[in-house]
Number of protein chains: 2
Amino acid sequence: MGRRSGILEFAVLGLLRESPMHGYELRKRLNTSLGVFRAFSYGSLYPCLKTLVQRGWLTEEPGDPPEDSSAAPLAGRRARIVYRLTAAGKEHFEELLAQTGPDTWEDEHFGVRFAFFGQTSRDVRMRVLEGRRSRLEERLARMRASLARTRERLDDYTLELQRHGMESVEREVRWLNELIESERAGRDQRRGEAPSDPSGEDTAS
Amino acid sequence: MGRRSGILEFAVLGLLRESPMHGYELRKRLNTSLGVFRAFSYGSLYPCLKTLVQRGWLTEEPGDPPEDSSAAPLAGRRARIVYRLTAAGKEHFEELLAQTGPDTWEDEHFGVRFAFFGQTSRDVRMRVLEGRRSRLEERLARMRASLARTRERLDDYTLELQRHGMESVEREVRWLNELIESERAGRDQRRGEAPSDPSGEDTAS
DNA sequence: GTTAGCATGTAAGGAGTTACATGATTTT
DNA sequence: AAAATCATGTAACTCCTTACATGCTAAC
């Protein structure tokens, strides 16, 4: 069955944009390199890769990985399949980066979107950050209202949970404020990261 | 299809343990009263209720809700169905409270478990809190290790994301430490919360 | 007289997981 | 020679969502 959208697809495209990889390596990166990511299973990763190939966003190549070519050329190790982003795939990823999905998507997968901010134009970064902030503030308002209504009949544990939850949200809002301000303070040039050409300069090899 | 386990079932049983309710009310409580809960849809709630009835954990009664009986007895409003926890249901919920599921379950739904701590025996509370803490500490260790390995080749955004993520986790660990200490400080009597009958404090150690 | 809220439900589908199957290769 | 790690894949299942269908009452 075709994995239609989903965060996994997004993350795979984003990681492959940086450099080609085989599935096993990809999964490790999903779990560690991008820290905040959740642990995807092979059972979802490999089928996802297949459908991405079918749609023309990836190509499959047999072969040894880019790094560690000092090892046996491709002797043992059950021949790996290296996946590479196509031009169409790159284009598609740009679209995904730019588009603002439904609130729940944006909210649930904010961490992943943020992880690819390095490849995102400043407009979009601002939109994503501000969107998140406003949703958190809405939520905060709802929590406060609900707490004011029901405070009396809640036990200590529930109260403590709500208190801690609200504090966490408030903390994240402050974090977002800092980020937004720092974006606004204009530094387009954060090293040589050329924001003028979001689809441009791939860091191949 | 039989909703087998799932957090929704747990939450429904827990809420109904406090007092009988009809589905609509239940859903509102899931979304607001217990604040941290996610927004479940009717599409999952009603089927869930049906299967819980089938298993004998709930009974369906037609009728007006316990509060607001000043309104029309049950005149308009499409006759509601009030769900009440049976003895078997109570028993089952106790089991669910006491059992420690797989780590992922415990981790993903910690907030919900915590929300029912008022109905949970102290042993179990300690087990849940300490379990969560140790998993968070493991995760922290993994994050630190991964960060030490890959710091150089991560861009500023990814780095900032990891930094904030780790800070959040550290903060939650401190919170848990406070809670655990406060549990350890022994006060069973936190106001008039009498765990008089919940079959709770059976495991005296 | 139309929107908003109350109230219950079904069918189809999405996005993943677990458990399994397979097999080579390095380490113990 | 046993175990761990590398590597790819499939089938069945889970748990929840969306979109739809229905109909009543209160408020604007």
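Convention: sequence-line order gives letters A, B, ...; per-chain numbering from 1.
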Q.
Can you work out whether B:His109 or A:Gly23 has the more 5'-proximal nearest nucleotide on DNA chain D?
A. A:Gly23
Q: Check every strand shown and say whether A:Tyr83 touches a base, only sugar-phosphate, or nothing at a heavy-atom separation below 4.0 Å.
A: sugar-phosphate
Q) For the helix from C:dG1-D:dC28 to C:dT28-D:dA1, what angle lies between the axis at the first five pairs and the axis at the last five pairs, to 10 degrees? A) 30°
Q.
Please determine whether a side-chain nitrogen or oxygen atom of A:Ser41 lies at a distance below 4.0 Å from atom OP1 or OP2 of C:dT18.
A. no
**Q.** Whole angstrom value for the distance that separates P of C:dG9 from CG of B:Leu52
**A.** 13 Å
Q. With respect to the side chain of A:Tyr24, which nucleotide from D:dC6, C:dG9, C:dA7 is positioned closest?
A. D:dC6
Q. Parallel, tilted or perpendicular: which fits the ring planes of B:Phe117 and A:Tyr157, with parallel below 30° and perpendicular above 60°?
A. perpendicular
Q: Check the pair B:Arg151 / B:Leu154 against side chain to side chain contact (heavy atoms under 4.5 Å, CB included), numbers first and verdict last.
A: CA-CA 6 Å; B:Arg151 169 166 287 152; B:Leu154 295 179; 5.8 Å; no
Q: Look at the side chain of B:Thr150 and the backbone N and O of B:Ser146, then say whether any donor-acceptor pair between them is shorter than 3.5 Å.
A: yes
Q. From D:dG9, C:dG16, D:dT17, pick the nucleotide closest to the side chain of B:Phe40?
A. D:dT17
Q.
Nearest to the A:Pro47 side chain among C:dT18, D:dT17, D:dT10, which nucleotide is it?
A. D:dT10
(Q) Checking B:Asp155 against B:Thr158: is there a side-chain donor and acceptor pair closer than 3.5 Å? (A) yes
Q: Return the value, rounded to whole Å, for the distance between atom CD of B:Glu25 and atom C1' of C:dT8.
A: 15 Å
(Q) The side chain of A:Arg80 is closest to which nucleotide in this list: C:dT10, D:dT17, D:dA7? (A) D:dA7
(Q) Of the listed nucleotides (C:dC6, D:dC16, C:dG9), which one gets closest to any side-chain atom of B:Ile81? (A) C:dG9
Q) In whole angstrom, what separates A:Leu26's CG from D:dA7's P? A) 12 Å
(Q) Rounded to whole Å, how long is the line connecting atom CD1 of A:Ile7 with atom P of C:dG14? (A) 17 Å
Q) Are OP1 or OP2 of D:dC15 and a side-chain N or O of B:Ser44 less than 4.0 angstrom apart? A) no
Q.
Between C1' on C:dG16 and CG on A:Leu45, what's the gap in Å once rounded to a whole number?
A. 12 Å
Q. D:dT8 C1' sits how many Å from A:Leu49 CG, rounded?
A. 10 Å
Q) Of B:Arg127, B:Arg133, B:Arg125, which meets salt bridge (Lys or Arg N to Asp or Glu O under 4.0 Å) against B:Glu183? A) B:Arg125
Q: Could you work out which one of C:dG16, C:dC6, C:dT17 sits closest to the side chain of A:Leu8?
A: C:dG16
Q: Calculate the interatomic distance between A:His22 atom NE2 and C:dA24 atom P; express it in whole Å.
A: 18 Å
(Q) Taking the minimum atom-to-atom distance to the side chain of B:Tyr42, which one of D:dG9, D:dT8, C:dT8 wins? (A) C:dT8
Q) Counting side-chain heavy atoms from CB outward, which of D:dC16, D:dA7, C:dG16 is closest to A:Tyr46? A) D:dA7
Q: Please say which of B:Arg135, B:Arg132, B:Arg139 ends up in a salt bridge (Lys or Arg N to Asp or Glu O under 4.0 Å) with B:Glu172.
A: B:Arg132
Q: Considering only NZ, NE, NH1 and NH2 on the basic side and carboxylate oxygens on the acidic side, decide whether A:Arg163 and A:Glu167 come within less than 4.0 Å.
A: yes
**Q.** Any donor-acceptor N or O pair under 3.5 Å, side chains A:Arg113, A:Thr120
**A.** no
Q) Atom CD of B:Glu9 and atom P of D:dC15: how far apart are they, to the nearest Å? A) 9 Å
